[in-house]
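Worksheet: one structure, shown below.
In what follows, chains carry the letters A, B, and so on, assigned in the order in which the sequence lines appear, proteins first and then strands, with residues in each chain numbered from 1. Computed from heavy atoms alone, side chains included, the values below leave out hydrogens, waters and symmetry copies.
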There are 2 protein chains.
Amino acid sequence: MINFSIKFQSGVPIYEQIIYAVKKAIVSEQLRPGDTFPSVRELSKDLRINPNTAQKVIAHLVREKLLIIKPGIGSVVSELKEATDLQRKEILDTEIEKLVVEAKRLLINKKEVIDAVKSHWNLDNEE
Amino acid sequence: MINFSIKFQSGVPIYEQIIYAVKKAIVSEQLRPGDTFPSVRELSKDLRINPNTAQKVIAHLVREKLLIIKPGIGSVVSELKEATDLQRKEILDTEIEKLVVEAKRLLINKKEVIDAVKSHWNLDNEE
DNA sequence: CCAAGTGTAGTATGCAACATAGTACACCTG
DNA sequence: CAGGTGTACTATGTTGCATACTACACTTGG
């Protein structure tokens, strides 16, 4: 049984879209630590994607420590981990800089951006 | 003469890196409206990239209305334009949601994120 | 006028990523 | 021990990226 939803859109790799959907589900507590996660074959069948693509998704999520492999069983949602210094720098420096540059070039106010952050922080329950 | 700097890093398309560097230069006022921008051939020579790639960069920037073509002359930095509703939605909804999801999964505080936004907003003069 | 520079368009090649299909193996569970 | 699990291959087709090269219509500046 699948416990998150996806609407595929072209232009973005399928496996990235799935990974993001899973992260969103975890962050919004639709998926909680300890919950079982679909196996490679189950995921590929339910989402009608290739087993290789499903395997790619799970491998990524394991490498990012969002899933833990239970040999012979499947995988399980893990507890959230603190960011490494490198991950922290990537977000707070690189990613946010990109966001600010794009906002500034489109003449979007600082307040609008910060309000949007606050807004998304409090409700991650979209559709 | 090139009036912005780039350090290429692998994994990201060259043309995207250049586009971003130009945006950053404009936003930080190292490039101002009316300034002349390198021609396709000049850009390809100075950055040692293929003319096609340079053309791709300029075409993108023109389509985003950051440059204006002066036929026979070259191109010129344009005034910043207000975002369309679609661009505004893309940033304030999609992009910021992605940022928040990634921050939350890495247990980064809301305050840290907002402070980083404020910080990047005031000084775009790195290195 | 005209040489030189401009943007633009086209063909072609090599490379890598993405998604697909199919097969196979070692492992653990029930 | 049958069946499910993750994992690892090979292979194909498509797409995007970067390169090389040629060509054309345009405008500038001498």
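Using a 4.0 Å cut-off, some side-chain N or O of Ser39(A) falls inside it from OP1 or OP2 of dT5(D).
Applying a 4.0 Å cut-off to non-hydrogen atoms, none of the residues of residues 59-68 of chain A approaches DNA chain C.
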Next item on the list: Would you mind building the protein contact string for nucleotides 23-30 of chain D? One character per nucleotide, 5' to 3', B for base within reach (heavy atoms under 4.0 Å), S for sugar-phosphate only, - for untouched.
Entry: B---SS--
Next item on the list: Take nucleotides 15-21 of chain D nucleotide by nucleotide from the 5' end and write B, S or -, depending on whether a protein heavy atom sits under 4.0 Å from the base, only from the sugar-phosphate, or from neither.
Entry: --SSBBB
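Residue Gln55(A) contributes atom CD, which lies 13 Å from atom P of dT5(D) at whole-angstrom precision. Distance, Leu43(A) CG to dG4(D) C1': 15 Å, rounded to whole Å.
The salt bridge (charged side-chain N to carboxylate O under 4.0 Å, His left out) test applied to Lys65(B) returns no partner, not counting sequence neighbours. In this view, Lys89(B) and Asp93(B) satisfy the salt bridge (charged side-chain N to carboxylate O under 4.0 Å, His left out) rule, not counting sequence neighbours. Take Asn109(B) and apply the side chain to side chain donor-acceptor pair (under 3.5 Å) test, not counting sequence neighbours, and it matches no residue. Residues satisfying the salt bridge (charged side-chain N to carboxylate O under 4.0 Å, His left out) criterion with Arg88(B), sequence neighbours excluded, are Glu112(A). Judged as a salt bridge (charged side-chain N to carboxylate O under 4.0 Å, His left out), and not counting sequence neighbours, the contacts of Glu102(A) are Arg105(A), Lys23(B).
Between Lys24(A) and Ser28(A), the closest heavy-atom pair is O-OG, 2.8 Å. Taking all atoms of both residues into account, the shortest heavy-atom contact from Ile58(A) to Ser39(A) is CD1-C, 4.0 Å.
Screening residues 50-77 of chain A for ring-ring contact (aromatic ring centres under 6.0 Å, His included) gives Tyr15(A)-His60(A) as the qualifying pairs, with residues at least two apart or on separate chains. Residue pairs satisfying the ring-ring contact (aromatic ring centres under 6.0 Å, His included) criterion with at least one member in residues 67-109 of chain B, sequence neighbours excluded, are absent. For residues 75-101 of chain A, there are no ring-ring contact (aromatic ring centres under 6.0 Å, His included) pairs, not counting sequence neighbours.
Remark: Glu16(B) CD is packed, more than 12 non-hydrogen atoms of other residues, nucleotides or ligands lying under 6.0 Å away. The local environment of NZ in Lys81(B) is crowded, with over 12 non-hydrogen atoms from other residues, nucleotides or ligands closer than 6.0 Å.
Protein chain B contacts DNA chain C from dG5(C) to dG10(C), reading 5' to 3' and using non-hydrogen atoms of the protein with a distance under 4.0 Å.
Looking at Glu95(A) and Lys98(A), a side-chain N of the basic residue comes within less than 4.0 Å of a carboxylate O on the acidic one, giving a salt bridge.
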